[in-house]
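Please read through the structure below; I'll follow up with questions.
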Amino acid sequence: MATPYDSNKGKYARTDQIYFKIRKFDEATIGVRLKHPTDNQPPTAAQKQAQDLFATVAAKVKTALADVTQRAQYKAQWKAQRKYKTLTSYIFHVKYEEETAEP
């Protein structure tokens with residue numbers, strides 16, 4: 001299914017590995033993933049902080065969607081605006097702003 005290549009016409013370093021999957025019925029490439037050995041480093045402190053913030057906000061969104069009263073409240077606010085296409089993205093925005101607001 002996945003075939004590694006060492007390079008691709010000089011566009012990438014020779015240590016890169018390019019993987020792709022081919023759909024069986026029409027043999028079309030459906031995905032490409034580049035993996036470079038130097039990218040296998042643990043996340044930095046800033047990246048870890050961003051990941052933790054994202055996880056916290058996602059958990060709060062899940063809780064808000066599960067609560068019927070909060071969901072109805074957010075749905076009314078969401079219908080009044082046009083920026084966010086989905087209710088989940090709107091709630092995520094609100095919760096993210098709450099988390100990152102300065103005290």
Side-chain angles (χ1 to χ4, degrees):
M1 298 275 311
T3 306
Y5 286 92
D6 289 334
S7 65
N8 184 11
K9 295 184 183 178
K11 292 181 182 179
Y12 308 104
R14 291 195 179 269
T15 55
D16 288 344
Q17 292 180 335
I18 301 171
Y19 296 93
F20 64 94
K21 294 181 180 178
I22 298 177
R23 236 181 352 218
K24 289 187 178 185
F25 69 90
D26 64 352
E27 297 186 3
T29 303
I30 57 171
V32 175
R33 179 171 60 98
L34 300 176
K35 183 177 179 185
H36 193 276
T38 60
D39 292 340
N40 292 334
Q41 303 296 325
T44 63
Q47 290 171 336
K48 182 68 174 148
Q49 183 180 8
Q51 290 170 356
D52 292 342
L53 175 63
F54 187 90
T56 303
V57 172
K60 288 186 177 189
V61 169
K62 188 175 180 180
T63 305
L65 286 172
D67 185 16
V68 177
T69 55
Q70 282 187 15
R71 184 182 178 125
Q73 178 188 4
Y74 282 123
K75 192 168 189 176
Q77 294 171 2
W78 170 66
K79 286 191 176 198
Q81 59 85 39
R82 293 286 171 225
K83 183 175 181 181
Y84 298 97
K85 302 292 183 191
T86 64
L87 178 61
T88 305
S89 64
Y90 175 73
I91 297 173
F92 190 92
H93 164 75
V94 171
K95 296 294 183 183
Y96 185 85
E97 291 296 321
E98 289 174 2
E99 281 292 315
T100 58
E102 302 259 341

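Excluded from the calculations below are hydrogen atoms, water molecules and symmetry mates; all remaining heavy atoms, backbone and side chain alike, are included. Keep in mind that this is a model prediction, so the values were computed, not measured.
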query = In Å and rounded to the nearest 0.5 Å, what is the NZ to OG1 distance from Lys62 to Thr88?
reply = 12.0 Å

request  = Give, for atom CG of Leu65 and atom OH of Tyr74, the distance between the pair rounded to the nearest 0.5 Å.
outcome  = 9.5 Å

query = Is the CD atom of Gln73 crowded by more than 12 outside heavy atoms at less than 6.0 Å?
reply = yes

key: Atom pair CD1/CH2 of Ile91 and Trp78 - distance to nearest 0.5 Å   = 9.5 Å

query = Under 30°, 30 to 60°, or over 60°: which ring-plane class applies to His93 and Tyr90, parallel, tilted or perpendicular?
reply = tilted

inquiry  = Do the side chains of Lys48 and Asp52 get close enough for a salt bridge, i.e. N-O under 4.0 angstrom?
reply    = yes

query = Between Ala64 and Lys95, which heavy-atom pair has the shortest distance, and what is it?
reply = CB-CE, 4.2 Å

inquiry  = Check this for me, if you would: do Lys60 and Glu98 make a salt bridge, where the nitrogen-to-carboxylate-oxygen distance has to be below 4.0 angstrom?
reply    = no

query = For Phe92, does the CZ atom have more than 12 heavy-atom neighbours from other residues, nucleotides or ligands under 6.0 Å away?
reply = yes

